[in-house]
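Contents: one structure, followed by commentary.
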2 protein chains.
Amino acid sequence: MLAPLLAHIARYVSLTAAEAELLEAYVVPHTLERRAHLLREGEVCTATYFVVSGCLRTYFLTEKGVEHTLQFAIENWWLTDYASLDAHAPSAFFLQAVEPTWVLVLEQRGQEELFGRVPQLERYFRLVLQRGAAAAQHRVKLLYSLSGEARYRQFASLFPAFVQRVPQYMLASYLGFTPEFLSKIRARMGE
Amino acid sequence: MLAPLLAHIARYVSLTAAEAELLEAYVVPHTLERRAHLLREGEVCTATYFVVSGCLRTYFLTEKGVEHTLQFAIENWWLTDYASLDAHAPSAFFLQAVEPTWVLVLEQRGQEELFGRVPQLERYFRLVLQRGAAAAQHRVKLLYSLSGEARYRQFASLFPAFVQRVPQYMLASYLGFTPEFLSKIRARMGE
DNA sequence: CGCGGGTTTGATGATGCTCAAGCCCGGTGG
DNA sequence: CCACCGGGCTTGAGCATCATCAAACCCGCG
């Protein structure tokens, strides 16, 4: 069932019933357990993933083995490693399910053909990427303008539910500091 | 003359001569003096800009008046504020020429019509955005995995010419630290 | 019950900021 | 042609933020 994807697409462009059916041939549903990986460092990324329910993240490891989360993707977000996808090169990142997650898989292979047949989809993905670019700019702006503690406060007030869903160490690594420091922030906020 | 843009487009998709001519009607050349602005905080962004020669940057100001550079765009890069463009909302950013710069202006208005007539352009911009998404991920990875000094060393070794072209305070604000600190790094590297 | 991953707590210290002063150098006006 | 700006770069002292390391703790799960 790809109804959630069709609903999301409809926010940006309109497809005919025939076009929607065409799309169906290119998209495969897949379920993931908590902590399951879609991609590991060194592998070549061959698909983009649409989150129907649950949550994915992109992270990488430093030489010392420390995790850093680059991105979370919740319902209605697409996630992939574009650098690896484009260049057919080994990825520097991991793609992982944060919790039990239901995704739709769109393989890169054959995608150009699909877009040739359904040009509205090419527009849809352009708009999705545009939204992603805006989000990335906003992300860097936050990293640069706020202190670690202020970033946490803002994030927690914007997405209180999400803070509950995600392990603290992932959140810390997303916000750009250590789990120990996050713990100290929370202690200060508690009193 | 939009030959440089056509050359760049040809790297990704192929246009017929008629399509290239169509594009010409939508693109306006514009020259900018050093430090001239294309967009200021609070204004609504209505176009995307292609750098033919020179250099643009996106920056913003904190409440204390400190500048932070989010992005540089040199030859063959597109730059805009997608958040403002999409939502027709006041921008949080400034777009500015770092040096005398020659840009091509593609107004948002009428763009959908253009893409309707030349679907290959929609693909081109999707691919440009994909490349931008990859660059944004890489950027955050660098911010998270390297110290300030290491970021400067890496940047200087990758783009030695660019370090010459740009004022140090802009570079510092792009790399995520203060001009004073950059000065101290350089002093240490000198000896 | 015990194990183990995740979180907490505390001591110590490095990284990079703030503030303030001086300096270098290109541009402008007298 | 020189004097004087003034913006940008440099230098230094003191300090805040946040990392590191290590130990204890908590709690769900086998």
Side-chain angles (χ1 to χ4, degrees), chain A residues 33-37 55 57 59-69 72 94 96-100 140 142-156 162-191, chain B residues 33-37 55 57 59 61-69 94 96-100 140 142-156 162-191:
Chain A
E33 297 180 358
R34 200 175 114 92
R35 301 291 186 272
H37 280 90
C55 178
R57 66 168 182 149
Y59 72 95
F60 69 94
L61 297 179
T62 65
E63 322 78 61
K64 300 305 163 214
V66 180
E67 277 184 18
H68 289 276
T69 300
F72 288 110
F94 297 79
Q96 184 192 41
V98 173
E99 51 190 28
V140 178
L142 283 190
L143 281 176
Y144 278 178
S145 42
L146 300 180
S147 71
E149 174 157 359
R151 286 201 298 278
Y152 176 73
R153 287 176 182 283
Q154 154 138 354
F155 191 89
F162 192 70
V163 172
Q164 308 298 93
R165 266 165 77 175
V166 169
Q168 312 244 351
Y169 75 92
M170 284 187 195
L171 196 52
S173 86
Y174 176 75
L175 292 173
F177 43 73
T178 60
E180 291 94 330
F181 185 61
L182 176 51
S183 174
K184 282 162 194 176
I185 292 172
R186 289 164 55 86
R188 281 204 289 271
M189 286 175 66
E191 249 65 35
Chain B
E33 297 180 357
R34 198 174 113 94
R35 302 289 186 271
H37 280 91
C55 178
R57 66 167 180 149
Y59 72 96
L61 298 179
T62 64
E63 322 79 62
K64 301 304 163 212
V66 180
E67 279 184 18
H68 289 275
T69 300
F94 297 81
Q96 185 192 39
V98 172
E99 51 189 30
V140 179
L142 283 189
L143 282 176
Y144 277 179
S145 42
L146 300 179
S147 72
E149 174 158 359
R151 287 200 297 278
Y152 175 74
R153 287 175 182 282
Q154 154 139 353
F155 191 89
F162 192 71
V163 172
Q164 309 298 93
R165 266 163 78 175
V166 169
Q168 312 243 352
Y169 75 93
M170 284 188 195
L171 197 51
S173 85
Y174 175 75
L175 292 174
F177 43 73
T178 60
E180 291 94 332
F181 185 61
L182 176 52
S183 176
K184 283 162 195 176
I185 292 171
R186 289 164 54 86
R188 279 205 290 272
M189 284 175 66
E191 245 60 40

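Quick note on labels: first sequence line is chain A, next is B, and so on, each numbered from 1.
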Could you check how far [atom1] of [X] sits from [atom2] of [N], rounded to whole Å?
{"X": "E67(A)", "N": "dA19(D)", "atom1": "CD", "atom2": "P", "value": "16 Å"}
{"X": "L182(A)", "N": "dT20(D)", "atom1": "CG", "atom2": "P", "value": "15 Å"}
{"X": "L175(B)", "N": "dC17(C)", "atom1": "CG", "atom2": "P", "value": "11 Å"}
{"X": "F177(A)", "N": "dT7(C)", "atom1": "CZ", "atom2": "P", "value": "13 Å"}
{"X": "L171(A)", "N": "dT8(C)", "atom1": "CG", "atom2": "P", "value": "12 Å"}
{"X": "K64(B)", "N": "dT18(C)", "atom1": "NZ", "atom2": "C1'", "value": "13 Å"}
{"X": "R34(B)", "N": "dG7(D)", "atom1": "CZ", "atom2": "P", "value": "13 Å"}
{"X": "Y144(A)", "N": "dC17(C)", "atom1": "OH", "atom2": "C1'", "value": "15 Å"}

(message) OP1 or OP2 of dA19(D) versus the side-chain N and O atoms of T178(A): is any pair under 4.0 Å?
(response) yes

(message) With a 4.5 Å cut-off on side-chain heavy atoms, are F155(A) and L171(A) touching?
(response) yes

(message) Checking S173(B) against T69(B): is there a side-chain donor and acceptor pair closer than 3.5 Å?
(response) yes

(message) Check whether R35(B) reaches the backbone of V98(B) with its side chain - one donor and one acceptor, N or O, closer than 3.5 Å.
(response) yes

(message) Donor-acceptor pair, distance only, cut-off 3.5 Å: does the side chain of Y152(B) make one with the backbone of S147(B)?
(response) no

(message) Can you tell whether the side chains of R153(A) and E149(A) come within less than 4.0 Å, N to carboxylate O?
(response) yes

Enumerate the protein-to-nucleotides 11-14 of chain D contacts in which both atoms are nitrogen or oxygen and the separation is below 3.5 Å.
unit_1  : atom_1 : unit_2  : atom_2 : d
dG12(D) : N7     : K184(B) : NZ     : 3.2
dG12(D) : O6     : K184(B) : NZ     : 3.4
dA13(D) : N6     : K184(B) : NZ     : 3.4

(request) Hey, can you tell me if F94(B) and Y59(B) have their rings parallel, tilted or perpendicular (30° and 60° cut-offs)? (result) parallel

